[in-house]
**Student:** 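Right, I'll just put the structure down here and ask away after.
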Amino acid sequence: MANQERWPAGADSETDLEHKIAESFWWLMVLAERMDIDSGQALENFLKKKEEQFL
């Protein structure tokens, strides 16, 4: 991502990206909980549909 200038290059860029990915997961889980969506089931349904696309 840094090569494509979509993420700042530097010593902490990898750590920062890891943090941002984890933060995104956290926000998605909070949103799912607030909307009464089972995030585990939603992921399972999504992966099943993706798998069917590749068969």
Side-chain angles (χ1 to χ4, degrees):
M1 286 176 41
N3 290 341
Q4 297 173 348
E5 298 180 8
R6 295 181 181 187
W7 190 260
D12 292 337
S13 62
E14 194 171 307
T15 302
D16 292 343
L17 180 57
E18 181 179 316
H19 174 82
K20 288 295 182 187
I21 290 171
E23 181 181 33
S24 296
F25 287 145
W26 181 78
W27 277 114
L28 289 171
M29 289 185 286
V30 168
L31 179 60
E33 183 179 311
R34 290 180 182 179
M35 300 300 295
D36 198 29
I37 295 171
D38 181 338
S39 56
Q41 186 63 51
L43 178 59
E44 190 174 319
N45 293 343
F46 171 80
L47 292 174
K48 183 178 179 182
K49 287 179 185 178
K50 284 296 179 190
E51 183 178 21
E52 290 170 357
Q53 289 177 348
F54 292 108
L55 294 178

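Computed from a prediction, not measured in an experiment: that's the story for all the values here.
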**Student:** Name every donor-acceptor pair, under 3.5 Å, that has one atom in a side chain of residues 48-55 and the other anywhere in the protein, sequence neighbours excluded.
**Tutor:**
{"unit_1": "K50", "atom_1": "NZ", "unit_2": "Q53", "atom_2": "OE1", "d": "3.4"}

**Student:** If you link ILVMFWY side chains whenever their heavy atoms are less than 4.5 Å apart, which other residues fall into the same cluster as L28? By chain and number, please.
**Tutor:** none

**Student:** Could you pull out all donor-acceptor pairs under 3.5 Å where a side-chain atom in residues 30-47 meets a protein atom, sequence neighbours excluded?
**Tutor:**
{"unit_1": "D38", "atom_1": "OD1", "unit_2": "G40", "atom_2": "N", "d": "3.0"}
{"unit_1": "D38", "atom_1": "OD1", "unit_2": "Q41", "atom_2": "N", "d": "3.1"}
{"unit_1": "Q41", "atom_1": "NE2", "unit_2": "N45", "atom_2": "OD1", "d": "2.9"}
{"unit_1": "N45", "atom_1": "ND2", "unit_2": "Q41", "atom_2": "O", "d": "3.4"}

